[in-house]
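Comments concern the structure below.
None of the values given here were measured: they were computed from a predicted structure.
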Amino acid sequence: MRIIAALLGLVVATGALAQTDAVQQTERAARLIGDAAEGLASAPRGERRLSVLGRVVQGYETGLAAQRSASRDLALRADVLSARMAQDRDRLARLLGGLHRVSRAPAPLLLLHPSGPEGAARAAQMMAAIVPHLQAEADELRAMMIELDIVANEQDRAEDLMRDGLAGVQQARIALRDALDARTVPPEPEPALVARLRADSQNLQAFARLLARESAAMATGSPQRFEEARGTLPLPAPGHVLRAYGARDADGTVRPGIVLGVEGVRQVTAPWTASLRYSGPFLEYGQIAVLEPAEGWLMILAGLNDVQRQAGEVILAGEPVGTLTQSRGGVAGFGVEPATESGPNQRQVLYVELRHEGVPVDPTPWFGFD
């Protein structure tokens, strides 16, 4: 009976669960969505409203992307734990059933053994050796039960976060759209000039060189200030480098820029206050935006689904520039193959190029990658 009592005590023992990656991702998503909600509630009126709302939308999208990833990991962990618990439960149930039958046998019969007293002693020793192993297995099962309960609670919390995040990002996008509609739009640049520049350009590099010469007299800020921002610029959209500066595409083309992989975030913002020198479609690059952060400097963002601003506008740091679309094979001419694995977030690509006096510069050291 002491053996049975000890085994039954395993079921109600307590334990601890270490923070998993999925739980930490949920914490991060909650923080991002909470910060975005506060930003939306306190978004000021006036010239800073667009930059605040641009970052708010990015914050919501980043938080939702993190939460989708966490929700997938939580679901996978729950499946693994359930399968392992089912296996262990069946095995322990058989062992407990056997021990229960033994415990119900009359005490004199337990002392009998076909091999006599020595056999009975050996059997008792074997039982004593088995109990610690059973204890360890039961402890492991109990820990899995506790973890499964925590995972279930985190899944409930994840559903609440997704609901709040989706409602929040919808409100933020509406507020951003209204703010964009209410802005003062400058007159469009001379159509003949843009048409001539595009006609004279065989590729994006040639177009950038021609545009740099035409825009030399329309500086928007101090070049020294922009140069001092090296290493601190926020990315136009949170992501990672898929193709480094000067690397060859799948088709062998070398492009003087970097290709960013962006997951779950559509909003693209200006890393630095700049005038928008050109916006619109260009060759195989999709929609592009050419920003002039300082005299002699051009930053090109290509692969956009649409540009939300008009050429000639001054875009403050953090203000929206455009949105991204889902990556497809060959899209935007970057030679980036679509993701082979299906994930919780759609992957988009953004091409970023930086030029000084028409000469390409590696943009990677200019950004503060997290």
Side-chain angles (χ1 to χ4, degrees), residues 58 61-62 65 69 201-209 211-212 229-272 274 276-291 293 297-308 320-356 358-370:
Q58 270 194 350
E61 291 176 343
T62 304
S69 178
S201 306
Q202 298 301 317
N203 52 46
L204 185 59
Q205 289 73 40
F207 181 64
R209 286 195 296 269
L211 194 60
R230 179 184 172 93
T232 65
L233 293 179
L235 288 169
H240 59 280
V241 177
L242 284 179
R243 182 159 290 120
Y245 175 80
R248 291 186 179 276
D249 288 350
D251 58 4
T253 303
V254 177
R255 300 187 188 278
I258 60 174
V259 178
L260 295 176
V262 182
E263 294 188 359
V265 177
R266 296 182 61 241
Q267 187 64 59
V268 177
T269 58
W272 189 262
L276 183 59
R277 300 297 300 126
Y278 174 79
S279 65
F282 188 83
L283 300 178
E284 77 276 13
Y285 288 85
Q287 297 282 332
I288 72 169
V290 181
L291 302 174
W297 289 91
L298 291 178
M299 181 179 291
I300 302 168
L301 307 177
L304 301 172
N305 182 54
D306 69 282
V307 180
Q308 297 166 303
V321 176
T323 59
L324 292 172
T325 187
Q326 183 180 6
S327 175
R328 299 184 302 275
V331 71
F334 305 136
V336 176
E337 295 298 327
T340 56
E341 297 182 0
S342 59
N345 299 304
Q346 297 178 343
R347 189 184 75 178
Q348 294 105 184
V349 293
L350 176 67
Y351 177 74
V352 181
E353 190 174 307
L354 185 64
R355 288 177 171 266
H356 184 225
V359 179
V361 176
D362 183 4
T364 310
W366 286 76
F367 294 107
F369 287 89
D370 295 331

Quiz prompt | Euclidean distance, Gln348 CD relative to Glu263 CD, rounded to 0.5 Å | solution =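 Answer for the CD-CD pair, Glu263 versus Gln348, is 8.5 Å.
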
Exercise. Identify which one of Val352, Leu354, Ile258 satisfies the side chain to side chain contact (heavy atoms under 4.5 Å, CB included) criterion when paired with Tyr245.
Key: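 The single option meeting the side chain to side chain contact (heavy atoms under 4.5 Å, CB included) with Tyr245 is Ile258.
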
Please name the pair of heavy atoms, one in [X] and one in [Y], separated by the smallest distance, quoted to 0.1 Å.
X	Y	value
Val254	Gly246	CG1-O, 3.3 Å
Ala302	Ile288	CB-CG2, 3.6 Å
Met299	Pro271	SD-CG, 3.7 Å
Arg243	Arg248	NE-O, 3.2 Å
Pro293	Trp272	CB-CD1, 3.5 Å
Pro238	Val262	O-CG1, 3.3 Å

Sequence-distant partners of [X], side-chain contact (heavy atoms from CB on, under 4.5 Å), two or more places apart:
X	answer
Arg230	Pro365, Trp366
Asn305	Arg266, Thr323, Thr325
Thr269	Gln58, Gln267

Is the closest side-chain heavy-atom distance between [X] and [Y] below 4.5 Å?
X	Y	result
Leu291	Leu298	no
Leu324	Val268	yes
Pro256	Arg355	yes
Val321	Pro236	no

Quiz item: What pairs with Thr232 under side-chain hydrogen bond (donor to acceptor under 3.5 Å, both in side chains), at least two apart in sequence or on another chain?
Solution: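 Applying side-chain hydrogen bond (donor to acceptor under 3.5 Å, both in side chains) to Thr232 gives none.
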
Self-check item: Chi angles and distances behind the side-chain contact (heavy atoms from CB on, under 4.5 Å) call for Val259, Leu350
Solution: CA-CA 6 Å; Val259 178; Leu350 176 67; over 6 Å; no

